[in-house]
Amino acid sequence: MIRFSTFGPHIDKSDLKIVKEAMQPKNWYVNPYKYCEKFEKVFAKYHNRKFALMTPNCTLAIHLFLLSLNLKPNDEVIVSESTWIATASPVLQTKAKLVLCDVDAKTWCLSVDQLKKIVTKKTKVIISTSVFGNMPDYKELEYFCKKKKIYLLEDAAESLGSVYKGKKSGNFGTASVFSFHRTKTITTGEGGMILMDDPKIFKVCKIYRDHGRDHGKTKDLYNDYFAVKYMPFNLQAALGYSQFLKLKKLLNIKRNIFENYKKCLKNLKNISFNIDDKNLKNGCWATVIEIKYLKQKSYKEIFLKLKKNGYLARPFFYPISQLPAFKNFPEKNRIRKSIAKNASKLNKTSIVLPSSFNLKIKDIKKISTLIEKIIINNEN
């Protein structure tokens, strides 16, 4: 029986109170997007961004941004090999081509060195995923994109609360996207947000978000463009707003989980954790360990042993180019892959540890002891 999955939300009375208030009849017709607007406002301000748009999920936030750019069939969008498929799939829902790039062995994020080798004159967008709170060298990445006139989208779905050289994740590139999935640090069950500073792109995204309606100039039920709907709903946003109000508390809980794992596993010399140093303060959404010199048999044993004791760990992302989705995609000329050396290695050597909010120190100690025994036996 699984007692603790890898992730789990933090829901308390304050969340229930605000969601209950949003359920009141007046909030269904007086201002049906009251909490959407409140959540967008505080979230943008926190990240020092001018504009914010909430969406039903982060995948749609990415798609909405790409749609606003009116990408053409020969345009290319570069995406990291080590990311959830939601970062790559929206590219193939446009007319553009998907180009996959290997990750850096240290940061687990888009390799800037590899990136420079695969960029062409057709490259229009680079989507950089801040995997497990780690972040690439955004100073160099932003400079490179500005020089090449390429749009940079920061996929911050996993890095809420991370700070790189004094600047919060969510404040890099042309735009940034966040996820509020039930597994994330703050949750709306499903949900996403896009942040940006460009008023022109923001206006296009806002029009496309609501069936192609420009509320600033058109009359009711009068659409300027053919577009699907990316609108969130008030109850969803009410929970997000409530969660945001206790963000500091939630980040502290996540950091305590991270620090306790490091303390409990300190005797193991062949493991490393998410980056957390003088340049990068990790938001600690999930604690991840990379294990060196571990036999695949022992690696698989860790998952089985944890599951047997009621703890569900998760593997590191499979490289996008190694997924069945990649092989099954019919338009082969629309995807170009890289040699995913580092991405493949991370998938075979790294483990996403149980990082749910309801973990207790005794659980972290037990999980660590189970892992430690297997690794030590592997060495003998």
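For K348 and Y299, the positive end is not near the middle of the six-membered ring at less than 6.0 Å and at most 45° from its axis. No cation-pi contact links K366 to Y311, judged by a cut-off of 6.0 Å to the six-membered ring centre and 45° from its axis.
With 3.5 Å as the limit, one finds no donor-acceptor pair spanning the side chains of S338 and Q114. Side chains of S162 and S169: a donor-acceptor N/O pair is absent below 3.5 angstrom, by distance only. Under the 3.5 Å distance criterion, with hydrogens and angles disregarded, no donor-acceptor pair is assigned to the side chains of S111 and D113. T87 and D155 are linked by a side-chain donor-acceptor pair at a separation below 3.5 angstrom, with hydrogens and angles left out of the test. Under 3.5 Å, the side chains of H181 and S179 contain no donor-acceptor pair of N or O atoms.
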Let's go through I339 and D102 carefully: what are the C-alpha distance in whole Å and the side-chain angles of both, what is the deciding distance for side-chain contact (heavy atoms from CB on, under 4.5 Å) to 0.1 Å, and is it a yes or a no?
CA-CA 7 Å; I339 299 175; D102 199 10; over 6 Å; no
Take Y230 and L67, measure what side-chain contact (heavy atoms from CB on, under 4.5 Å) needs, and give me the verdict at the end.
CA-CA 12 Å; Y230 304 79; L67 278 180; 2.9 Å; yes
Show your reasoning for whether salt bridge (charged side-chain N to carboxylate O under 4.0 Å, His left out) applies to K246 and D15.
CA-CA 10 Å; K246 57 181 180 180; D15 299 311; 2.6 Å; yes
Determine, step by step, whether T59 and I85 satisfy the side-chain contact (heavy atoms from CB on, under 4.5 Å) criterion, reporting the C-alpha distance in whole Å, the side-chain angles of both residues, the deciding distance to 0.1 Å, and the verdict.
CA-CA 9 Å; T59 312; I85 197 170; over 6 Å; no
For R213 and D210, run salt bridge (charged side-chain N to carboxylate O under 4.0 Å, His left out): C-alpha distance rounded to whole Å, both residues' side-chain angles, the deciding distance at 0.1 Å, then the answer.
CA-CA 6 Å; R213 291 192 291 177; D210 190 14; 2.9 Å; yes
Under the criterion side-chain contact (heavy atoms from CB on, under 4.5 Å), I'd like the reasoning laid out for V112 against F144: C-alpha separation, chi angles, the key distance, then a yes or no.
CA-CA 9 Å; V112 180; F144 178 76; 5.7 Å; no
Could you go through S344 and Q322, starting from their C-alpha distance and side-chain angles, then the distance that decides it, and tell me whether this counts as side chain to side chain donor-acceptor pair (under 3.5 Å)?
CA-CA 9 Å; S344 297; Q322 293 176 20; 2.6 Å; yes
Do E259 and R255 pass the salt bridge (charged side-chain N to carboxylate O under 4.0 Å, His left out) test, and can you show the C-alpha distance, the side-chain angles, and the key distance before you say yes or no?
CA-CA 6 Å; E259 295 292 353; R255 174 155 288 275; 3.0 Å; yes
Working for side chain to side chain donor-acceptor pair (under 3.5 Å), residues N358 and S356
CA-CA 5 Å; N358 58 0; S356 174; 2.5 Å; yes
Chi angles and distances behind the side chain to side chain donor-acceptor pair (under 3.5 Å) call for Q243, T187
CA-CA 7 Å; Q243 292 264 297; T187 185; 5.6 Å; no
Side chain to side chain donor-acceptor pair (under 3.5 Å) between N134 and N282, intermediate numbers included
CA-CA 6 Å; N134 286 2; N282 202 296; 3.1 Å; yes
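Taken from OG in S159 to OH in Y164, the straight-line distance is 13.5 Å, to the nearest 0.5 Å. Note that NE2 of H63 is 11.0 Å distant from SG of C205, once rounded to the nearest 0.5 Å. If you take CG on L66 and NZ on K95, they are separated by 14.0 Å, rounding to the nearest 0.5 Å. L195 CG to F202 CZ: the interatomic distance, rounded to the nearest 0.5 Å, is 10.5 Å. In this structure, NZ in K146 is found 11.5 Å from NZ in K149, a value given to the nearest 0.5 Å. One distance of note links CZ of F303 with CD1 of I374; it measures 10.5 Å at 0.5 Å rounding.
K305 NZ: 12 or fewer foreign heavy atoms inside a 6.0 Å radius. Summarising the local packing, NZ of K332 is surrounded by more than 12 heavy atoms from other residues, nucleotides or ligands at distances under 6.0 Å. The environment of CZ in F316 is crowded: more than 12 heavy-atom neighbours from other residues, nucleotides or ligands sit within 6.0 Å.
Counting heavy atoms from C-beta on, the side chains of L141 and L115 come closer than 4.5 Å. Using a 4.5 Å cut-off on side-chain heavy atoms (C-beta onward), Q236 and M54 make contact.
Minimum heavy-atom separation, P136 to S128: CG-OG, 3.4 Å. Of all heavy-atom pairs between L160 and L251, the closest is O-CD2, 3.6 Å. Here the closest heavy-atom approach between residue S242 and residue I18 is recorded as CB-CD1, 3.6 Å. Considering all non-hydrogen atoms of both residues, V288 and N274 come closest at N-OD1, 2.9 Å. When all heavy atoms of K263 and K266 are compared, the pair lying nearest together is O-CG, 3.2 Å.
Hydrophobic cluster membership differs between L153 and I150, with clusters built from Ile, Leu, Val, Met, Phe, Trp and Tyr side chains linked at under 4.5 angstrom. In the hydrophobic clustering of ILVMFWY residues, with side-chain heavy atoms under 4.5 Å counting as a link, I126 and L71 come out apart.
Taking the six-membered ring where tryptophan is involved, the planes of F357 and H10 are perpendicular, since the angle between them exceeds 60° and thus also 30°. Ring geometry, Y225 versus Y208: the interplanar angle falls from 30° to 60°, so the pair is classed tilted. Note: F178 and H47 have tilted aromatic rings, judged against thresholds of 30 and 60 degrees for the angle between ring planes.
K184 has no carboxylate O lying under 4.0 Å from a charged side-chain N of E158, or vice versa, which leaves the two without a salt bridge. Comment: R209 engages E40 in a salt bridge, judged by a side-chain N to carboxylate O separation of less than 4.0 angstrom. A salt bridge is defined here as a Lys NZ or Arg NE, NH1 or NH2 lying under 4.0 Å from an Asp or Glu carboxylate O, and D197 with R49 meets this definition. Electrostatic pairing of E21 and K17 does not count as a salt bridge here, judged by no charged N lying under 4.0 Å from a carboxylate O. Using a 4.0 Å cut-off between charged nitrogen and carboxylate oxygen, D75 and K72 do not count as a salt-bridge pair. Between E140 and K116 a salt bridge is recorded (basic side-chain N to carboxylate O distance below 4.0 Å).
Membership of the apolar cluster around F233 extends to M23, W28, L235, as traced through chained side-chain contacts below 4.5 Å between ILVMFWY residues.
Taking the six-membered ring for Trp and the full ring otherwise, the centers of F180 and F39 sit less than 6.0 Å from each other.
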